[in-house]
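All remarks here apply to the structure that follows.
Numbering starts at 1 and runs along the sequence shown.
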Amino acid sequence: MPELTAIKSKLPNVGTTIFAVMSKMAQEEGAINLSQGFPDFNCDEGLRKLVAKYIDGPHNQYAPMPGMLALREAIARKTEKLYGANYDPETEVTVTAGATQAIYTAIAATIREGDEVIVFEPAYDCYVPSIELHGGKPVYVSLEPPTYKIDWSRVRKLINSRTRMIMINTPHNPTGMIMTAADMKELQKITAGTDIIILSDEVYEHIIFEGEQHQSVTRYPELAKRSFVISSFGKIYHTTGWKMGYCLAPASLSQEFRRIHQFVVFSVNTPIQLAYAEFMKQEEKYLELPAFFQKKRDIFNGLLTGSRFQLTPAGGTYFQLLDYSRITDEKDTDFAIRLTKEHGIASIPISVFYHNKADHKMLRFCFAKGEQTLQEAASRLCKI
């Protein structure tokens with residue numbers, strides 16, 4: 001078939017996402033896949049039965065555009081109970097086809113040609129393409145190992161009349177860093193008296209360790225009034241393949257969000273929404289996640305004792321960074337490929353999350369796996 005030759009790419013510098021690349025390589029090489037962030041264990045049997053119940057009932061047609069009201073009400077109740085924030089389920093909660101769609105929609109609704117968006121990097125790889133597709137300009141603040149803490153004095157210097165949005169992510173993917181109450185207060189000071197919008201990616205809100213408290217922007221009324229807050233059911237309930245998340249925002253921002261949302265997906269899976277709404281009554285299912293995943297983190301890190309890798313335990317998420325600088329001076333992208341092909345362990349090189357490909361000799365490993373998987377992966381890593 002003849003090909004069109006006049007198409008000019010809107011994202012000429014963007015290739016296939018690193019997650020797809022490394023997962024494909026893992027499959028081809030028969031490697032243990034600790035690259036892409038998904039569990040290798042099943043979701044709760046009770047949740048699966050609820051989905052089946054609603055599929056068997058008369059709930060297989062379009063949901064309302066903002067989401068099933070029962071689910072929006074459950075989300076609002078959870079948010080109030082955990083963070084003391086009140087969101088109106090009718091006008092301020094929107095159910096989405098995963099967090100990535102929510103992030104894209106929030107950017108599409110607010111970013112125009114020439115707007116600047118402050119991005120902390122290493123940054124999850126959907127952020128910048130979404131900004132650029134809508135004519136925005138990403139302005140980068142680099143986070144440095146081993147702590148990856150934010151230098152707010154650098155942020156202040158970047159604020160100007162074109163600054164439209166600041167994107168934050170806590171707990172942070174890929175580093176595992178968590179933002180503190182002091183960070184939130186600094187963000188509040190910086191944005192006070194401005195029209196700057198905050199997009200807060202909080203998909204790992206329940207995966208936070210050492211007894212620390214998740215610092216959602218919803219805890220801070222002055223931040224909440226200017227924020228889109230994004231979360232993910234996939235991370236909460238081990239159901240990444242169901243692709244469902246949500247966006248919390250004040251009514252004025254939600255109105256603009258929904259103008260775009262209706263033409264991106266219109267609405268999302270009806271029976272799964274109803275199943276989540278009912279399952280959310282079992283609060284322990286998400287309240288137990290910190291202990292559940294900290295145990296996995298500690299098992300994985302403990303098994304690496306004596307290896308040549310160096311690490312600082314992740315503060316949140318289900319990812320652990322490993323510093324391989326004592327092993328080789330190879331680029332992280334090259335070492336990740338060699339690790340997959342020669343040692344049967346797939347990971348994610350961190351340089352791909354920096355616009356300038358900064359290479360700190362770090363790889364990201366997902367520990368949301370069964371204990372047997374973690375033991376075998378650690379055994380292979382310890383032999384390097």
Side-chain angles (χ1 to χ4, degrees), residues 17-19 36-37 83 96 98-107 110-111 117-131 136 138-145 147-152 154-155 158 165-184 186-188 190-191 196-209 212-220 223-224 226-236 240 245-249 289 293 314-321 348 350 352-355 358 362 364 366 368:
T17 175
I18 188 66
F19 304 109
Q36 198 167 359
Y83 309 127
T96 64
T100 300
Q101 184 246 308
I103 290 166
Y104 178 89
T105 301
I107 291 170
T110 55
I111 300 304
V117 180
I118 293 177
V119 177
F120 298 99
E121 57 176 2
Y124 188 64
D125 67 352
C126 79
Y127 295 175
V128 171
S130 299
I131 294 166
V139 176
Y140 299 99
V141 177
S142 181
L143 307 179
E144 304 295 333
T147 64
Y148 296 96
K149 293 299 184 183
I150 296 172
D151 181 348
W152 292 104
R154 293 175 61 191
V155 179
L158 296 173
M165 177 182 283
I166 298 175
M167 297 185 70
I168 63 172
N169 176 206
T170 183
H172 185 263
N173 178 16
T175 71
M177 174 271 288
I178 59 172
M179 292 176 67
T180 64
D183 287 318
M184 291 300 171
E186 287 296 323
L187 180 59
Q188 189 165 283
I190 286 173
T191 55
I196 294 171
I197 294 166
I198 296 164
L199 196 162
S200 187
D201 178 353
E202 302 184 18
V203 300
Y204 296 100
E205 61 177 315
H206 297 298
I207 308 177
I208 194 164
F209 308 134
E212 292 292 336
Q213 187 180 63
H214 172 55
Q215 295 300 319
S216 173
V217 299
T218 62
R219 293 184 185 275
Y220 301 86
L223 293 179
R226 63 174 74 246
S227 296
F228 294 105
V229 181
I230 311 299
S231 196
S232 165
F233 290 108
K235 305 299 188 294
I236 298 172
T240 61
Y246 59 88
C247 176
L248 303 170
L289 286 179
F293 279 114
T317 76
Y318 43 55
F319 303 113
Q320 177 63 54
L321 295 190
I348 296 291
I350 299 304
V352 301
F353 300 113
Y354 287 92
H355 78 286
M362 294 281 191
R364 191 199 78 171
C366 175

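Across all non-hydrogen atoms, the minimal contact from Leu321 to Pro174 is CD2-O, 3.3 Å. Taking each heavy atom of Ala99 and Ser232 in turn, the nearest pair found is CB-CB, 4.3 Å. Closest heavy-atom contact between Pro138 and Val128: CG-CG1, 3.9 Å. Shown here for Phe228 and Cys247, the closest heavy-atom pair between the two residues is CD2-SG, 3.7 Å. Gly37 and Cys366 get closest at one heavy-atom pair: CA-SG, 4.0 Å.
Residues Tyr220 and Ser227 are not in side-chain contact: their nearest non-hydrogen atoms beyond the backbone lie 4.5 Å or more apart. No side-chain heavy atom of Asp151 sits less than 4.5 Å from a side-chain heavy atom of Val141. Between Leu199 and Tyr127 the shortest side-chain heavy-atom distance does not fall below 4.5 Å. Side-chain contact between Met179 and Ile168: present, with at least one pair of heavy atoms (C-beta onward) separated by less than 4.5 Å. Two residues are said to be in side-chain contact when any heavy atoms from C-beta on lie closer than 4.5 Å; Phe120 and Asn169 fail this criterion. A heavy-atom distance below 4.5 Å is not found between the side chains of Thr175 and Met362. Looking at heavy atoms from C-beta onward, Ile178 lies out of side-chain contact with Phe209 at the 4.5 angstrom threshold.
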Where do Val217 and Arg226 land on the side chain to side chain contact (heavy atoms under 4.5 Å, CB included) test, with the steps shown first? CA-CA 10 Å; Val217 299; Arg226 63 174 74 246; over 6 Å; no
Trp152 and Asp183: CA distance, side-chain angles, deciding distance, side chain to side chain contact (heavy atoms under 4.5 Å, CB included) verdict: CA-CA 8 Å; Trp152 292 104; Asp183 287 318; 2.9 Å; yes
Just do the side chain to side chain contact (heavy atoms under 4.5 Å, CB included) check on His214 and His206 with the steps written out, would you? CA-CA 7 Å; His214 172 55; His206 297 298; over 6 Å; no
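Not one N or O on the side chain of Gln213 forms a donor-acceptor pair closer than 3.5 Å with the backbone of Ala181. Using modelled atom types, no side-chain atom of Arg219 and backbone atom of Met184 make a donor-acceptor pair closer than 3.5 Å. Between the side chain of Thr170 and the backbone N or O of His172, no donor-acceptor pair lies under 3.5 Å. For the pair Gln215 (side chain) and Thr180 (backbone), a donor-acceptor distance under 3.5 Å is absent. Judged by distance alone, with hydrogens and angles left aside, the side-chain atoms of Thr218 form no donor-acceptor pair with the main-chain N or O of Tyr83 at under 3.5 Å. Side chain of Tyr204 to main chain of Tyr318: no donor-acceptor pair is present (N/O by atom type, distance under 3.5 Å, no hydrogens or angles).
To the nearest 0.5 Å, atoms NZ (Lys235) and OG1 (Thr240) are separated by 7.0 Å. The distance from atom CD1 of Ile350 to atom CZ of Arg364, rounded to the nearest 0.5 Å, is 6.5 Å. To the nearest 0.5 Å, atoms CD (Glu205) and CD1 (Ile236) are separated by 5.0 Å. Between atom CD1 of residue Ile131 and atom SG of residue Cys126 there is a gap of 9.0 Å, rounded to the nearest 0.5 Å. Once rounded to the nearest 0.5 Å, the distance linking CD of Glu121 with CD1 of Ile118 reads 12.5 Å. Atom CG of Leu143 sits about 6.5 Å away from atom OH of Tyr354, to the nearest 0.5 Å.
With hydrogens and angles left out, the side-chain atoms of Asp125 and Thr17 include a donor and acceptor closer than 3.5 Å.
Screening Thr100, Thr105, Ile107 for a side chain to side chain contact (heavy atoms under 4.5 Å, CB included) involving Ile103 leaves a single residue, Ile107.
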